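As the structure is a prediction and not an experimental result, all values here were calculated from the model.
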Amino acid sequence: MARYQLTEAMIRTSFEETGVDKKYFPIYDNIAKRYFENLSNEGSNKNEQTDDDNYAVSSLNLADEYITYYAKEAEKGHCEQWCDTIADKGENDYWAYHDAYDFIDNEEQKEKELSIHANSLNEDPIFVERYIYLFKLLEENSYEMAKEYSKAFHHCIDNGKSQYYAQGYAYAVSEYNHLEPFCHIFAEAYEAAKEQGKNDDEAISLGRALTNKEKIKK
């Protein structure tokens with residue numbers, strides 16, 4: 001079984017082949033050894049190992065995937081805990097990101113990491129604000145909805161509409177997928193409500209009520 005041991009030379013060679021910056025080697029070295037130890041202790045298929053399929057090879061393959069995710073997140077400026085969570089999951093979908101956020105105990109650090117994450121997706125302030133809002137609502141399609149919201153918002157602003165109108169229009173597009181005429185009805189109602197000092201919930205309720213009323217007429 002000695003030939004299937006994980007050696008320093010194997011770790012070094014495998015890491016170099018990933019193309020990841022050498023500053024991440026200590027992390028790679030540690031995680032590869034941890035994977036190897038776990039697989040060895042697990043002991044499954046111990047007698048079925050081959051030159052191409054053994055604990056050493058498997059641990060390096062797992063370490064390759066881990067360090068790729070880890071380095072990608074670290075280069076964005078994320079803390080070790082965030083990077084480790086994403087890398088350990090081997091995924092970069094909404095729920096992986098939410099776990100990375102949720103696992104951090106310090107509230108200030110959580111918000112910092114979420115801000116880094118949102119800005120790495122799109123630096124537009126409108127997108128970032130909307131994405132963070134949706135992210136915290138456990139909206140799985142946060143990225144797509146925030147992107148659509150941002151696009152609609154800027155379209156309105158570029159065409160001379162007020163910020164309140166743009167917010168209402170973008171909300172109608174991204175949240176309700178209203179057709180064009182109804183988006184304008186919603187936006188006008190939202191704008192009027194905000195100009196009267198109403199809060200967001202009240203403005204949205206008015207927009208929905210008037211939009212639904214117009215739909216019934218149709």
Does a salt bridge link Glu148 with Arg130, judged by any charged N lying under 4.0 Å from a carboxylate O? no

Does atom NZ of Lys76 have more than 12 heavy-atom neighbours from other groups under 6.0 Å away? yes

Using only atom types and a distance under 3.5 Å, with no angle test, would you say the side chain of Asn106 pairs donor to acceptor with the backbone of Gln109? yes

Leu60 and Phe15, any side-chain heavy atoms less than 4.5 Å apart: no

Can you confirm whether or not the ring centre of Tyr94 sits under 6.0 Å from the ring centre of Phe135? yes

Report yes or no: does Asn119 contribute a side-chain atom to a donor-acceptor pair with the main-chain N or O of Ser115 at less than 3.5 Å? yes

Validation row: Tyr97, His117 side chains within 4.5 angstrom (heavy atoms): yes

So, does Glu202 use its side chain to make a donor-acceptor pair with the main chain of Asn199 at under 3.5 Å? yes

Mind checking whether Tyr171 and Phe153 have ring centres under 6.0 Å apart? no

Over 12 foreign heavy atoms within 6.0 Å of OH, Tyr133: no

Do we see a donor-acceptor contact under 3.5 Å between the side chains of Ser150 and Tyr131? no

Is the side chain of Asn212 donor-acceptor paired with the backbone N or O of Arg208 at a distance under 3.5 Å, no angle test? yes

With a 4.5 Å heavy-atom cut-off, do Tyr143 and Leu134 have their side chains touching? no

Electrostatic pair Lys161:Glu188 at N-O distance under 4.0 angstrom: no

